[in-house]
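Everything below concerns the one structure shown next.
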Amino acid sequence: MRIATWNVNSVLARLPRLVEWLEQAAPDVVCLQETKVGQDAFPTDAVAPLGYAVAHHGEGRWNGVAVLSRLGLEDVVCGLPADPGFPDVHTLEARTLAATCGPVRLRSVYVPNGRTPEDPHYAYKLRWLGALRDAVAADASGSRPFAVMGDFNVAPADDDVWDPAAFADSTHVTPAERATLAALRETGLADVIPRIAKGPHPYTYWDYRAGAFHKGMGMRIDLVYANAALVGSVSDAWVDREARKGKGPSDHAPVIVDLDL
DNA sequence: ATGCCTTTCCCAGAAAGA
């Protein structure tokens, strides 16, 4: 069984590349982030011929997450029970949904960016990650294979950014953000780190500007956090760097994980 | 990278991303 996660940075802008990638990579289930289309605007007709059913949690211009599965989609749950919202609980954003796909339960996440450590968005990011921890605790400690995967907008360690000095006083690397990831792992989840494909680190994101991809100026912020039942079945994990090349890519590359359940 | 691209809103330029 093959599962994957990919921040597509607009599913409509990426649709030709998404379809091509689904044909080539052939994941059984893929979690998508930043679909950037409304709840009912996901292009399901484009992926249905490939055998994928779609569960989408969208809001329009921003955010949006989905699970595409050719192993069935059951028990779809959108959002978090204790979602703090931004700027407050009256404005919830489409940043996560969970679904059961055959033998596994998966949760697609698009963690808030945080903007700057002084910005209210940063406090929202930390609160949101706390709510995520509470939402996944039962699945994380359960016996069914489970993973929460997606764009976490946090680099777990200094090795996960191309130049730690360039990120001084920036979001994505602060001790508080990393502490929320550690608390998430403490529910029973392990970081499935992709193997090295090229360069010293398995980065998953490269800025569009200044040729960052070709200069190796990347970050590992797209993560697969898996419970014990799933980690034990991982046979391979890698970053599909080919998807970051060529014309019209997302600024994120997919992370693919093969399972031997 | 102090926004050097990209996408969305929708037709001009602001907002957001990490």
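Proteins come first, then strands; the chains are lettered A, B, ... in the order of their sequence lines, and each starts at number 1. Since this is a predicted model, take the numbers as computed values, not measurements.
The P atoms of B:dA14 and B:dG3 are separated by 14 Å, rounded to the nearest whole Å. When the P atom is used for both B:dA16 and B:dC10, the distance is 16 Å, rounded to whole Å. The P atoms of B:dA12 and B:dG17 are separated by 25 Å, rounded to the nearest whole Å.
Proximity note for A:Y110 (side chain, C-beta onward) versus B:dT7, B:dG17, B:dA14: the nearest is B:dG17. Taking only side-chain atoms of A:R209, from C-beta outward, the nucleotide of B:dG17, B:dT7, B:dG3 with the closest atom is B:dG3. Distance from the side chain of A:W62 is smallest to B:dA15 among B:dG17, B:dA15, B:dG3. The listed nucleotides are B:dG17, B:dT6, B:dA14; the one nearest the side chain of A:R14 is B:dT6. Comparing atom distances between the A:R61 side chain and each of B:dG3, B:dG17, B:dC9 picks out B:dC9 as nearest.
Distances shorter than 4.0 Å separate some side-chain N or O of A:R115 from OP1 or OP2 on B:dG17.
Sequence order on DNA chain B of the closest nucleotides to A:G114 and A:A166 puts A:A166 first from the 5' end. Map A:N153 and A:G60 each onto its nearest nucleotide of DNA chain B; the residue landing nearer the 5' end is A:G60.
Counting to the nearest Å, the C1' atom of B:dT8 and the OH atom of A:Y208 are 12 Å from each other. If you take NZ of A:K36 and P of B:dC9, they are 10 Å apart, rounded to a whole angstrom. Atom-to-atom, CG of A:D251 to P of B:dT7 comes out at 9 Å; the value is rounded to the nearest Å. One interatomic measurement links the two molecules: NE2 of A:H252 to C1' of B:dT6, which rounds to 12 Å at whole-angstrom precision. Atom CD in A:E93 sits roughly 8 Å away from atom P in B:dG17 (whole-Å rounding).
Screening A:L97, A:L132, A:L129, A:D151 against A:V109 for a side chain to side chain contact (heavy atoms under 4.5 Å, CB included) leaves a single residue, A:L132.
Nucleic acid contact class of A:D151 (heavy atoms, under 4.0 Å, all strands): sugar-phosphate only. Using a 4.0 Å heavy-atom distance criterion, A:M217 is classed as a base contact. Residue A:T171 is classed as having no contact, given no heavy-atom separation below 4.0 Å to the nucleic acid. Within 4.0 Å (heavy atoms only), A:F167 reaches no atom of the nucleic acid at all.
Between the side chain of A:T171 and the backbone N or O of A:G114 there is no donor-acceptor pair closer than 3.5 Å.
If you look at A:W206 and A:W162, their ring centroids are not closer than 6.0 Å.
Within 6.0 Å of atom CG in A:D169, 12 or fewer heavy atoms from other residues, nucleotides or ligands are found, so the atom counts as exposed in its surroundings.
The pair A:D139-A:R105 meets the salt-bridge criterion, with a side-chain N (NZ, NE, NH1 or NH2) lying under 4.0 Å from an Asp/Glu carboxylate O.
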